[in-house]
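Step one of this worksheet: look at the structure below.
Chain identifiers are assigned alphabetically (A, B, ...) following the order of the sequence lines, protein sequences preceding nucleic acid strands; residue numbering begins at 1 within each chain.
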Amino acid sequence: MLRYITKRILQLIPVLIGITIISFIVIHLAPGKPTDMASQLNPKVSQEAREQLEKIYGLDKPIYIQYISWIKKVATFDFGRSFVDGRPAIKKILERMPITVLINVLSIILIFFVAIPLGIKSAVRRGSVFDKTSTVFVFIMFAAPGFWLALLLMSFFGVKLGWVPVSGIASLDFENFSILGKILNVGHHLILPVLVASLGSLAGISRYMRQSMLNVIHQDYIRTAWAKGLGEKDILYKHALKNALLPIITIIGLSIPGLLSGSVIFETVFNIPGMGRLMVEAVFSRDYNVVMCGLVISALLTLLGNLIADVAYSYADPRIRYGR
Amino acid sequence: MGFFLLSAVFFLNTAFSDEDRPDFGGMFVTAGIGDARTLVPILASDSASGEIVGMIFNGLVKYDKDIKLTGDLASSWEIQNDGLTIIFHLRKNVKWHDGLPFTAEDVKFTYEKLIDPNVPTPYSGDFKKIKSLEIIDSHTVKVTYIEPFSPGLSSWGMAVMPKHLLAGENLLLTKFSRHPIGTGPYNFKRWKTGQRIDLVSNHEYFEHRPYIDRYIYKIIPDISTMFLELQTKTIDSMGLSPLQYKRLTDTPHFKKNYNKYKYPSFGYTYMAYNHENELFKDIRVRQAINYAVDKQEIIDGVLLGYGKICTGPFIPESWAYNENVRPFPFDTNKAKRLLKEAGWSDTDGNGYIDKKGKDFAFTILTNQGNDLRIKTAEIIQRRLKGVGIKVEIRVLEWAVFLNEFVNKKRFEAIILGWGLSRDPDCYDIWHSSKTKPGEFNFIGYSNPDCDKLLEEGRRTFDIEKRKEIYHRIQEILYEEQPYLFLYVPDALVSMSNRFKGIKPEPIGLGYNFIDWYVPKAEQRYKSK
């Protein structure tokens with residue numbers, strides 16, 4: 001097992017380098033340069049000033065030279081500085097990460113806590129009124145545009161009823177609160193975003209769970225269990241559920257890179273200073289260093305997430321063992 | 001977007017009567033869609049950074065409520081040698097927020113950084129026309145220009161930076177960009193990236209202590225969210241879209257708690273023609289298009305009436321504006337006649353006019369993310385169809401739009417807007433020498449008379465003489481129609497009515513911010 005993991009990790013390195021080369025080329029292919037944003041169509045910026053800017057940042061050199069100097073720095077964990085405000089790219093990303101991860105973790109927990117029982121129940125009572133209404137509900141939530149739902153909920157719970165703050169992650173006088181007060185304040189602000197982030201994903205997980213459960217409860221060993229005269233609870237939750245949960249492990253593994261990526265529209269509407277907004281702003285302002293730093297981190301996490309899913313899967317399911 | 005204009009300016013108001021003597025205290029919360037980038041004044045080019053910089057720093061000069069230049073850090077100035085030399089007399093009692101005195105050394109330092117080839121400042125252009133800057137004494141500076149340059153005076157509205165904190169620092173990497181020290185009415189307190197920037201009032205401010213103690217700039221990237229925040233009173237002020245201004249604020253709750261303000265913004269929207277394209281070389285064609293498009297209809301439809309028809313490169317509030325230039329009326333018949341004179345008529349009966357077997361067809365390009373421009377393009381498309389011109393619309397991402405199409409002159413017509421400085425000098429936009437890629441006369445407009453006037457305009461200091469020059473420029477440009485000048489939109493702002501002392505003037509609202517106040521009883525968030 002250990003040898004297998006080591007081998008897999010070593011395999012990640014060339015893949016990662018390949019990813020960086022392709023992303024580097026692609027973002028440089030997009031028309032425009034980081035220096036354009038401050039200077040273009042600004043009647044006060046002269047042509048010489050613009051060329052001088054490009055020289056300062058080394059943007060006048062051929063792309064392979066730019067890549068080599070970039071990768072050299074990255075090897076020492078230096079991701080360079082943002083072209084927008086001159087701050088280290090990694091710092092910009094790290095300060096945006098906690099809130100995105102927090103919201104994603106909370107909403108994944110909420111999704112699993114709601115979607116798994118929902119899926120099981122739908123599978124067991126297949127075709128019942130419950131199955132049908134829950135299906136309709138989750139698909140409506142899936143189909144509803146997130147920003148629209150968000151605005152409706154904000155307008156109703158935030159403005160009309162005044163139960164929750166409309167947007168942002170902390171109150172204006174946050175600095176004056178005690179630690180507990182701060183936690184409660186952030187929690188209060190996160191109710192709506194976590195809810196909206198979860199609603200849309202209920203459909204996927206609950207459908208997976210339902211399907212997987214349906215597959216399992218028609219297996220022979222379940223029929224055997226019924227024949228043995230075991231109780232419904234034992235059969236469903238001990239024998240069936242264990243096996244039905246296997247595919248869900250893969251989904252959890254695959255959602256690890258997703259923990260880092262925020263949705264721009266969602267973050268924009270709720271005014272959450274997270275990764276999604278940072279990355280999109282970086283792309284639009286051609287802030288190469290920040291874009292590349294974000295891409296490297298999420299590529300790494302995707303690869304690791306896949307690896308973890310594979311390993312966890314083989315651990316959970318004795319029928320599958322790798323490396324033999 | 002911030003609504004305190006880039007060079008947020010302040011004006012001492014002493015005319016309070018006893019009964020409404022303002023109270024100190026309170027907090028003003030405004031919101032913008034973007035975070036600031038850097039608070040180093042000479043590097044700040046986006047509107048959020050500009051707004052904050054305007055609260056923390058001062059320039060030597062500023063514009064007063066009537067858009068006239070007045071002293072800021074300079075108490076007075078003299079123009080000598082026909083405009084070759086400007087001598088600034090600096091205020092003597094000004095201190096930086098850290099307590100050190102402001103002197104001529106700081107002015108010299110700021111100038112040196114502005115022209116330093118290693119400092120990527122977008123503002124170096126006007127300062128490169130300076131031959132030398134000498135310190136006469138600790139509070140007098142003599143600036144000598146290579147040639148007389150009248151917009152130079154207003155360029156000294158550039159915020160002055162403290163030498164003692166920035167000498168020897170790399171301006172791109174310095175901590176100062178997130179912990180600025182200025183001379184202005186507000187001190188920097190805190191910046192939570194992507195969330196908010198907090199300022200507190202400078203009790204030692206040289207004009208007087210601002211009445212409002214705290215100023216908070218919140219970043220809310222979505223304008224609908226911002227509007228919901230306004231309704232829950234978590235922000236006090238925001239810029240409104242025409243729809244929000246007209247309809248959504250028309251509720252009893254809103255009228256009870258907010259005031260709305262409307263004033264012309266300093267910019268205009270236009271459709272520019274590529275003058276290298278055969279279609280638009282004939283002046284009759286350009287004039288015909290102006291007759292064929294109903295500008296008022298665009299203002300009513302797109303801005304819901306909140307704007308004025310644009311009749312040239314100056315806005316009606318500017319002293320350079322020539323009110324004798326009247327907009328072309330909407331007159332389809334006249335447009336058709338002019339097109340016919342230019343050789344365009346519908347010979348094949350397909351509904352579109354043609355010449356030498358080719359239909360009159362062109363594409364309007366504009367950038368993504370600006371609905372107003374896209375809607376404007378659609379209205380123009382419909383009106384031009386009425387005179388037999390086939391128009392297509394293409395919307396492009398900003399960087400692609402500029403680099404692949406505008407700078408390479410690969411366009412037939414584009415819709416864009418110019419934000420204007422307070423000085424009417426528009427040499428860079430209209431002079432025939434400014435047509436290289438990346439320069440602003442990207443339409444390739446060239447008119448020797450206009451060139452001469454533009455050169456004269458920036459050499460002349462006498463405002464009456466300049467007025468004549470710019471009036472003439474406006475006449476030429478509106479007659480020649482290098483652009484289809486469309487509209488000057490209004491800036492629309494709503495403000496909590498707890499704030500008193502607000503007096504809208506041609507310059508806008510923010511010019512007298514230090515005189516705004518909240519009566520004690522209505523103050524929220526008592527500062528600790």
Open item on the list: Counting C-beta onward and ignoring hydrogens, is there a side-chain heavy-atom pair between A/Ser285 and B/Arg37 closer than 4.5 Å?
Closed with: yes
- [ ] Could you tell me which portion of B/Val40 (side chain, backbone, both or neither) has an atom closer than 4.5 angstrom to a non-hydrogen atom of chain A?
- [x] neither
When the side chains of residues 189-202 of chain A are checked against the rest of the protein, which donor-acceptor pairs come out under 3.5 Å, sequence neighbours left out?
from	atom 1	to	atom 2	distance (Å)
A/His189	ND1	A/Asn185	O	2.8
A/Ser198	OG	A/Val194	O	2.6

Open item on the list: Any carboxylate oxygen within less than 4.0 angstrom of a Lys/Arg side-chain nitrogen, looking at A/Glu175 and B/Arg196?
Closed with: yes
Task: Rounded distance [0.5 Å steps], CG in A/Asn271 versus CD1 in B/Ile33 - done: 12.0 Å
TODO: Check each atom of B/Lys434 against the heavy atoms of chain A and say whether the ones under 4.5 Å are side chain, backbone, both or neither.
DONE: neither
Task: A/Ile169 portion near chain B, given a 4.5 angstrom heavy-atom threshold - done: side chain
TODO: Using a 4.5 Å cut-off on heavy atoms from C-beta on, say whether the side chain of B/Thr234 contacts that of A/Pro165.
DONE: no
- [ ] Measure distances from B/Ile219 to the heavy atoms of chain A and classify the residue's part below 4.5 Å as side chain, backbone, both or neither.
- [x] both
Task: Residue part contacting chain B, namely of A/Ser171, when any heavy atom lies under 4.5 Å - done: backbone
Task: B/Thr193, part contacting chain A, at a heavy-atom distance under 4.5 Å - done: both
- [ ] Answer whether the closest heavy-atom distance between the side chains of A/Leu151 and B/Leu228 falls below 4.5 Å.
- [x] yes
Open item on the list: Would you say CG of A/Leu295 has more than 12 non-hydrogen atoms from neighbouring residues, nucleotides or ligands within 6.0 angstrom?
Closed with: yes
TODO: Using non-hydrogen atoms and a 4.5 Å limit, figure out which bit of B/Ile216 sits close to chain A: side chain, backbone, both or neither.
DONE: side chain
